[in-house]
Amino acid sequence: MMKRWLYGFVSIMVVFLAIGCKQDTPNDSSTATDELESPLPDHDYEENPYQWGFINRAGNLVVVDQFDEVRSFQDGLALVRRNGRWAYIQADGKQAFTATFRAAWPFQGKWARAQQDDGLFGYINRKGEWALSPRYEELGDWAEGMAFFREGDLYGYIDTNGTTVVAPQFEKAADFIEGAAIVASNGKYGLIDKQGKFLIECRFKQIKRLSTPDRLRVKQEDKWGITDYRGKWVLPPKWLQLGEMDDNYVAAMEGEQWGLLSLNGQWSIRPDYDQLFYAGHHLWIADAGGNYSLLTATGDALLSRTLSEIHPFSEGFACFRDGELWGYMDASGRIISAPQYFLAWPFQQGLARVATDAGLTFIDTTGRLIWLPRPNFLEIREYSDGLAPVQIYK
């Protein structure tokens, strides 16, 4: 039974991890109409035959498996779904307050976004009371003291007092980051400040954020370039695709191949790769026909040979695949855990989730298993606030 379970689990997660290795990274902000999912009505939820609970760092079940679906703990509370309703529980498994919701999200400070039965959104306080009445057809999370909302087909922004600061006027809207938000009007994208004034008029076909401050990936006609927050070109729009940026280098596509481009328009790494994406620590992951290398910005290889797959660094460590098995390395290329796992996930809060031949567990930064796999743990997720969601097989 365990072999059949593990084979099916591994097959599904290999597909999942392969999808997660795309060249282009998603926007680092929530985007209205793109990111908000409409929750199902209560009667459309099905009871899960394998219930969820929570384990501590010793791998012991401390919140009994009794929920159809759960989210990780954040700031002392976790979202759980039972009988088609979402509620908040404390670390002891007790419900934090009696109110339940059609849909709900983690608390951000004193408030959390929630949806009542008629489909309207508002914010609740830590007593489960409506702090900002549910009157919005769509509502984002707080970002720099602002949240987007929708009235009819148009989006605007409110502040933490619930005051409308930017009247609904946009077809799409995204979170504020560094004092600016991407918006769309008449099918074109621009950038506004917190007063709703345009930093960049809605004139571009597409805008995507970069992790580098004051830099945006911008599509004009059919080509991509980079601008600052005022729309001034940093790199002219002449590239089929642009990826992530680090220092003064950006991954760029020419023809069907990727290379690394300096902002003066010169290739630092020639466009000879099927994929090239940022790994962290000023390193780049390059894929040539399924052979993965770890390169510096000048094209020097950090590793002595290629690997079957490499993922970006998280907390100083990267998971990699050599043949069929996964291991971990640090930013110097030193192996901290030899390839031995069927699957591997990024480090989070000092631990990484791994799939062994005996089931799922976690390793620490020395590569040591923190507890032996439990055969009845059908699925586990990352630790947060010292607890990890677990789905129990019975």
Side-chain angles (χ1 to χ4, degrees), residues 18 20-28 177-178 204-322 328-335 346:
C21 226
K22 285 181 180 178
Q23 155 63 34
D24 206 5
T25 55
N27 263 353
D28 52 4
I177 298 177
E178 296 177 345
F204 291 112
K205 198 169 184 178
Q206 203 169 350
I207 297 178
K208 293 185 178 182
R209 288 191 176 275
L210 288 162
S211 56
T212 304
D214 193 32
R215 294 291 182 266
L216 300 166
R217 280 178 288 178
V218 173
K219 190 175 186 180
Q220 182 172 272
E221 302 303 329
D222 294 324
K223 295 297 177 66
W224 288 87
I226 295 176
T227 72
D228 63 18
Y229 276 18
R230 295 287 175 178
K232 181 181 178 182
W233 290 109
V234 177
L235 187 69
K238 45 189 294 192
W239 311 100
L240 293 176
Q241 286 282 353
L242 290 177
E244 191 48 76
M245 182 177 175
D246 176 53
D247 294 332
N248 291 315
Y249 300 95
V250 63
M253 189 180 196
E254 184 175 78
E256 297 183 355
Q257 298 293 96
W258 288 85
L260 193 64
L261 196 67
S262 65
L263 293 186
N264 63 10
Q266 301 298 311
W267 292 109
S268 175
I269 298 175
R270 293 291 308 168
D272 296 327
Y273 296 98
D274 301 322
Q275 294 188 94
L276 184 73
F277 48 98
Y278 187 56
H281 298 275
H282 307 294
L283 296 170
W284 297 83
I285 298 168
D287 168 24
N291 298 305
Y292 282 72
S293 304
L294 200 56
L295 306 179
T296 67
T298 55
D300 296 323
L302 186 69
L303 307 175
S304 59
R305 64 185 182 89
T306 61
L307 296 167
S308 305
E309 196 168 346
I310 305 174
H311 280 240
F313 288 92
S314 175
E315 297 186 357
F317 301 97
C319 51
F320 68 91
R321 181 168 60 88
D322 191 5
Y328 291 85
M329 71 176 81
D330 65 18
S332 70
R334 180 178 65 90
I335 305 301

- Item | Considering all heavy atoms, the nearest K223-P237 contact | CB-O, 3.3 Å

- Message: With a 6.0 Å cut-off on the ring centroids, do F277 and W284 count as close?
- Response: no

- R321: salt bridge (charged side-chain N to carboxylate O under 4.0 Å, His left out) partners, not counting sequence neighbours: E309

- Item | Ion pair check, R334 and D330, cut-off under 4.0 Å | yes

- Query: If you look at every heavy atom in G280 and F313, which pair is closest and at what distance?
  - Reply: O-CD1, 4.1 Å

- Message: By the definition side chain to side chain contact (heavy atoms under 4.5 Å, CB included), identify the one residue from T227, V234, L242 that meets it with V218.
- Response: T227

- Task: Check the surroundings of atom CD in E178: do more than 12 heavy atoms from other residues, nucleotides or ligands lie under 6.0 Å from it?
- Result: yes

- Take Q257 and D274 through the test side-chain contact (heavy atoms from CB on, under 4.5 Å) and record every step on the way to the result. CA-CA 5 Å; Q257 298 293 96; D274 301 322; 3.3 Å; yes

- In this structure, OG1 of T296 is separated from CG of L294 (nearest 0.5 Å) by 9.5 Å

- Item | Derivation of the side-chain contact (heavy atoms from CB on, under 4.5 Å) call for L295 and D300 | CA-CA 5 Å; L295 306 179; D300 296 323; over 6 Å; no

- Task: Carefully, step by step, assess R209 and L216 under the rule side-chain contact (heavy atoms from CB on, under 4.5 Å).
- Result: CA-CA 5 Å; R209 288 191 176 275; L216 300 166; 4.3 Å; yes

- Query: Are K205 and D222 within salt-bridge range, i.e. N to O under 4.0 Å?
  - Reply: yes

- Could you tell me whether Y273 and W267 have their ring centroids closer than 6.0 angstrom? no

- Message: Filter on ring-ring contact (aromatic ring centres under 6.0 Å, His included), then keep only pairs touching residues 208-229, sequence neighbours left out; what's left?
- Response: none

- Item | CA sep, side-chain torsions, deciding dist, call: M245, L263, side-chain contact (heavy atoms from CB on, under 4.5 Å) | CA-CA 10 Å; M245 182 177 175; L263 293 186; 3.4 Å; yes

- Q220 side chain to G225 main-chain N or O, any donor-acceptor pair under 3.5 Å? no

